[in-house]
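The next block holds one structure in the form of structure tokens; read it before the comments.
All of these numbers come straight from a predicted model, not from anything done at the bench. One-based numbering, in listed order, for ligands and for the atoms of each.
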Amino acid sequence: MSNQPAAIRRADYNAPSHFVDTVDLRFELNDDGTIVSSRLQCRASDGEPGADLLLDGNELKLLEISVDGQPLPAARYTVDDQSLRIRDLPAQFELEIRTEIHPQRNTALEGLYKSGGMYCTQCEAEGFRRITYFPDRPDVMAVYTTTIVADPNSYPVLLSNGNRVDAGHLDDGRHWVRWHDPFPKPSYLFALVAGDLACHQDRFVTASGRDVLLQIFVEHHNTGKTDHAMAALKSAMAWDERTHGLEYDLDRYMIVAVDDFNMGAMENKGLNVFNTVCVLADPETSTDRDFETVEAVIAHEYFHNWTGNRVTCRDWFQLSLKEGLTVFREHQFCADQGSAEVKRIGEVRTLRAAQFPEDAGPLAHPVRPDSYIDISNFYTATVYNKGSEVIRMYHSLLGAEGYYRGMQLYFKRHDGQAVTCDDFLAAMADANDRDLTQFSRWYSQAGTPVLEVQDDYDATAQRYTLTVRQSCPATPGQAEKLPFHLPLVMGLLDQGGRSMALHLADSAASDAPLERLLEITSHEQQFVFEQVSERPVPSLLRGFSAPVRLRYDYTDQQLALLAAHDADGFTRWEAGQQLATKLMLAALGRAEPPAHVANEHLLSALDGVLRRASEDPAFAAEALTLPSEAYIADQLAEVDVEAIHRVREACIRDIIAELGSDLETIYRENRGTDQAMDGASMGRRALACTALGLLARGDDVEDLLRDHYRNAANMTDRLCALGLLAHTDNDAAAAALADFHDRWRNDDLVVNKWFQVQAMSLREDTPELIAQLMEHPDFSLTNPNRVRSLIGAFAQGNPLRFHRPDGAGYRLLADTVLQLNAINPQVAARMLLPLTRWQRQIPSAREGMRRELERIGNAHKLSKDVFEVVSKGLQA
Ligand code: TRP
Ligand code: ZN
């Protein structure tokens, strides 16, 4: 490969040579180039003159530079395409720099760019250096004052961080607004927005009585879709006060929705920028899932104000310090909004779908990585979701009270600072007088630990012994792993499914709870339970108490018992999933494909779910959903996606044969024709759609699907039917797809869904259809949402057709990545990830994937982002 960008190492961290106390920025926004003037008050961190100052800068045109009011002679500085180095500086000085940038040419969507008619910024992680020369690292924190000058007709709304302090008009007709953010912050939290925007406004009075202005800005055609986001914001603000005693700290909280955005949303201080997908919602055009996403992301970005902004990261290796913690806070909040069990099931599904494969693949890395080439590649499921599981384990091990004591101490010690994961751990340890040294391995060791549990029952002694062994597979650069410290929450069921009292051998006789948290710390441990009157069924890893793979050799009967009776909802769901997984894996292991995959135990467990469905329809929907093809693949040493698909379909047909009429009843009882958005209605819709999804895999279902599509009164129902219809190439499918596009051709977010259902189609010619759709006038490679809806959904969500044996799916993805590489490197690198998961595919697939990876690797002018993923992905 041609260019070989260097890796940055955590071990090489050096404190900054200079601090920047204040930053004064002036932006003159012109459609033929924006002028950025900055004035920085700098001081050497050791208080001595003479140290060089290194400023980061990318794609900037340097117009002027002066120190303490004097133009800087050329001999005192050097510029290259990454940086600006200044020599012979006094201990304290004022640095002024003028640069020119071109937001309208910026398709990478980092720094200042245009989306639709508006200007906006994305500075995390290293986008600020595309705006002006600056020490663009999170441990340099400054107080920002920002003045924005623009044409008042095109850009009536001018926003930046903090409080609005002044505004006026210039003689040439332009207007300006000045913003001041009193809280010192790293450059990655800077934001600017300019546009013609509508504003949904509300107020929130904090616990201490401060009145906060809440504003959500959208382009005019999106007005009327922000009620849900506003309500979510207010409940998140109240929740953080109630649970953590944390209040908002500025006079206003602003959110702006933009169409072109690389990720979900961004927590810029006082001025969040959101992907429209994560903020707009209404029952007509959004699914129930979309409503949940908006609520979760609004809360997530709000919670960052304390976990991320008030206390920030020292360097980017510490990313999980803010992301893992904020995802956990988001999960706690969401659990409090509805069914905690169903939310937990969703979290585990996501972890298993996104993080376990990452941890098992060539890009595996610890929650706190040791090196990176491009930090944007480390906004991963490991840093976010496994990072959140790590925080959840502190909560389990220390108890809720101990956890909140630790949080209090963390804020008391570090408010206003840029700190590390070690600092967080130390606050948790010190507040609880606990030694968490071993727990810190969760930050340093990659890979998903495996817990192997065996048991022994001694009927004469009435003694039950659990033996727990842990291990962790090798990951790139880490051959050997040391044991983790983790909580294993468990119970024991008797043969009737009742919870048994747990008398641990070495605890007091009076101490016999129905559930225990076992602390696992060694390679192998034994736990002895006394007074166990019959051989119990162990209920292990309740609530998914640790992010591990659990192995216990359950019989089908035991799993059915747990599925029907366990005290923990997660374990009930999990037992059903494990039973189905076991049967599908067994079928895959046989030489001849068996006539039947499901057996009486699975069918009776599902029958039980159907009979109890009305008690908790949302839970029933989860329990009726078979493990995904990707989850089955993740259990196998060699993956044949077509075989997996066949076995899973056969399993569903067995279910229809036995329970089809009950599924139809459930479907008819729960399908609705309204737009009610309460939890109960959403639960019934989920159940009806899941039942329909199973029935759709049977015969003669076209009318059923067509009716469901036609009678749908909300997007959840309509999209469910459309997705199921789109698996075939009959007239009903074509008519529904045409109708759907016709109705919503002007709503971008709905058009995304239209692309997505086609990308997920099981039709054999899906790769060809996608190639055609890329030529559709509504498609564009410069809009990340479109790319994710079509290309991302295909490569990540349609394993059967992505892995089509002729390699068409791989070629399509590689062609697209090569185009995207020049347009938007962050999105290109992310789209590429599925191609790096070739290691466990059958040999023919492996070759096809490697060939396409190599083709990308051999291309000229690869971005750092794509280079890093390709080169790591090609390593065996
Ligand atoms: N910090 C943001 C969050 O998790 C996400 C984010 C990181 C991001 N880098 C980004 C968003 C780049 C957009 C573009 O809340
Ligand atoms: Zn975040």
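By the criterion of a heavy-atom distance under 4.0 Å, neither the backbone nor the side chain of S376 is placed next to ligand 1. Of all the heavy atoms of E124, the ones lying under 4.0 Å from any atom of ligand 1 are found in both the backbone and the side chain.
Residue-ligand proximity, H300 to ligand 1, at heavy-atom distances under 4.0 Å covers atoms 3 (C), 4 (O), 15 (O). Distances below 4.0 Å separate heavy atoms of M266 from the following atoms of ligand 1: 1 (N), 2 (C). Ligand 1 places these atoms under 4.0 Å from at least one heavy atom of E267: 1 (N), 2 (C), 3 (C), 15 (O). Close contacts of ligand 1 with F261, meaning ligand atoms under 4.0 Å from a residue heavy atom, involve 11 (C), 13 (C). Heavy-atom proximity to E323, at under 4.0 Å, picks out these atoms of ligand 1: 1 (N), 2 (C), 3 (C), 4 (O).
Between Y384 and ligand 1, an N or O atom pair is found at a separation short of 3.5 Å. Among the atoms of E301, some N or O lies under 3.5 angstrom from an N or O of ligand 1. For Q826, no nitrogen or oxygen atom sits less than 3.5 Å from a nitrogen or oxygen atom of ligand 1, counting backbone and side chain alike.
Residues R368 and Q318 bring no donor and acceptor atom of their side chains to less than 3.5 Å of each other. In summary, the side chains of Q826 and D865 do not present any donor paired with an acceptor at a separation below 3.5 Å, with no hydrogens or angles considered. Using modelled atom types, one finds a donor on one side chain and an acceptor on the other under 3.5 Å when comparing N305 with K269. Judged by distance alone, the side chains of N785 and N275 do bring a donor and an acceptor atom under 3.5 Å apart. Side-chain contact, D336 with W239: a donor N or O sits under 3.5 Å from an acceptor N or O.
The atom of H304 nearest to the Zn ion (ligand 2) is NE2, with the search restricted to N, O or S atoms. Taking the Zn ion (ligand 2) as reference, the nearest N/O/S atom within E323 carries the name OE1.
A 4.5 Å side-chain heavy-atom check between V419 and Y410 finds at least one atom pair inside the cut-off. For the pair C199 and I216, the minimum side-chain heavy-atom distance is 4.5 Å or more.
Counting protein heavy atoms only, atom 10 (C) of ligand 1 is closest to Q122 NE2, 3.5 Å. Here the protein heavy atom with the shortest distance to atom 7 (C) of ligand 1 is Y379 CE2, 3.2 Å. Remark: minimum distance from atom 8 (C) of ligand 1 to any protein heavy atom is reached at M263 CG, 3.5 Å.
Here E267 does not reach the Zn ion (ligand 2): none of its N/O/S atoms is less than 2.8 Å from the metal.
Counting heavy atoms of neighbouring residues, nucleotides and ligands inside a 6.0 Å radius, atom CD of E59 does not exceed 12 of them.
Y119 carries K114 over the face of its six-membered ring, with the cationic atom under 6.0 Å from the centre and within 45° of the normal.
Across the listed options A265, P784, G308, A265 owns the non-hydrogen atom lying nearest to atom 5 (C) of ligand 1.
For the ligand labelled ligand 1, residue K322 lies inside the 4.0 Å heavy-atom shell.
A salt bridge links D249 with R310; the closest basic N to acidic carboxylate O contact falls under 4.0 Å.
The nearest pair of heavy atoms linking A194 to L29 is CB-CD1, 3.5 Å.
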